[in-house]
Amino acid sequence: MSEQKSLLVFAHADEAVAFADVEHLVSGVGKINASVALAGAIADGNIKNVIVLGTAGVVGHAGEDRPSLDTIYQVTKLIQHDFPLPSADVDPTGEVLLDDYQVTMATGDVFVSDDQQRAHVLSLGASLVDMEGYAYASVCQRFNVPLQIFKIPSDYADDSASIDEWEEIAKQKSVQLREFYDKHLV
């Protein structure tokens with residue numbers, strides 16, 4: 001049996017552009033793509049832990065506690081925002097590295113880009129929103145694999161957020177994620 005390794009995961013290739021020289025998985029966007037790709041990679045074996053890097057939208061109000069677009073946060077609790085029935089919160093089980101930058105993130109299969117959606121997600125207690133995190137955490141929980149999720153905000157998940165601009169922003173954020181990876185995760 002080969003040595004166990006860490007699995008680095010991104011949802012979208014643009015989030016991974018600064019990691020061309022590092023082995024990684026691009027799962028695809030959304031909960032189904034994230035679940036299938038990650039479950040397949042873990043089932044193939046020898047994964048000791050999963051590290052997810054990527055972007056997320058900020059749902060907090062302007063002010064002191066609002067996440068910054070230039071800070072990397074560690075997600076320590078996940079909820080679903082687009083599921084009509086109550087679903088269990090999921091907590092990643094990997095080591096907490098960013099004591100002062102821990103957040104709750106909501107996941108749903110929609111790019112949150114208007115004030116009404118953002119307000120709904122905020123009302124659930126989340127600071128960030130993405131489209132894969134809850135799925136990654138659920139899969140890792142089922143396989144009993146430690147997970148760490150680190151996100152850098154790309155937008156404010158409101159009327160100013162644009163899916164058309166997101167790809168270019170994600171490429172820029174990838175450089176910041178690589179600096180973080182080299183400093184804290186290698």
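We count residues from 1, following the sequence as given.
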Can you check side-chain contact (heavy atoms from CB on, under 4.5 Å) on D155 and V112, steps first, answer last? CA-CA 10 Å; D155 58 75; V112 176; over 6 Å; no

Verdict with supporting geometry, T107 and V129, side-chain contact (heavy atoms from CB on, under 4.5 Å): CA-CA 6 Å; T107 297; V129 62; over 6 Å; no

Determine whether F150 and Y73 satisfy the following criterion, ring pair (Phe, Tyr, Trp, His ring centres under 6.0 Å), listing intermediate values before the conclusion. CA-CA 6 Å; F150 301 98; Y73 297 90; over 10 Å; no

Would you please test Q74 and I149 for side-chain contact (heavy atoms from CB on, under 4.5 Å) and show each step? CA-CA 6 Å; Q74 185 166 4; I149 300 176; over 6 Å; no

Apply the test side-chain contact (heavy atoms from CB on, under 4.5 Å) to residues Y181 and V22: give CA-CA distance (whole Å), side-chain angles for both, the deciding distance (0.1 Å), then the verdict. CA-CA 11 Å; Y181 174 82; V22 178; 3.6 Å; yes

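For D130 and K31, the salt-bridge test fails: no basic side-chain N is under 4.0 Å from an acidic carboxylate O. No salt bridge links E15 with K171; every basic N to acidic carboxylate O contact stays at or beyond 4.0 Å. Of the charged side-chain nitrogens involved, at least one lies within less than 4.0 Å of a carboxylate oxygen, so that D182 and R178 count as a salt-bridged pair. Between D91 and K77 there is no salt bridge, since none of the side-chain N atoms of the basic residue sits less than 4.0 Å from a carboxylate O of the acidic one. Salt bridge annotation for D14-K173: absent, with no cationic side-chain nitrogen under 4.0 angstrom from a carboxylate oxygen.
When each of L38, I51, N49 is checked for a side chain to side chain contact (heavy atoms under 4.5 Å, CB included) with L7, only L38 meets the rule.
Closest approach of S174 to A18, counting heavy atoms only: OG-N, 2.9 Å. A pairwise comparison of heavy atoms in T55 and A170 identifies CG2-CA, 4.3 Å as the closest pair. Contact record, V59 with A126: CG2-O, 3.1 Å, taken as the closest heavy-atom pair.
Summarising the geometry, atom CG belonging to L177 is positioned 10.0 Å from atom CG belonging to L185; distances are rounded to the nearest 0.5 Å.
No path of Ile, Leu, Val, Met, Phe, Trp and Tyr side chains, each step under 4.5 Å between heavy atoms, connects I79 with F111, placing them in separate hydrophobic clusters. Cluster membership for L97 and L8, using ILVMFWY side-chain heavy atoms within less than 4.5 angstrom, is shared.
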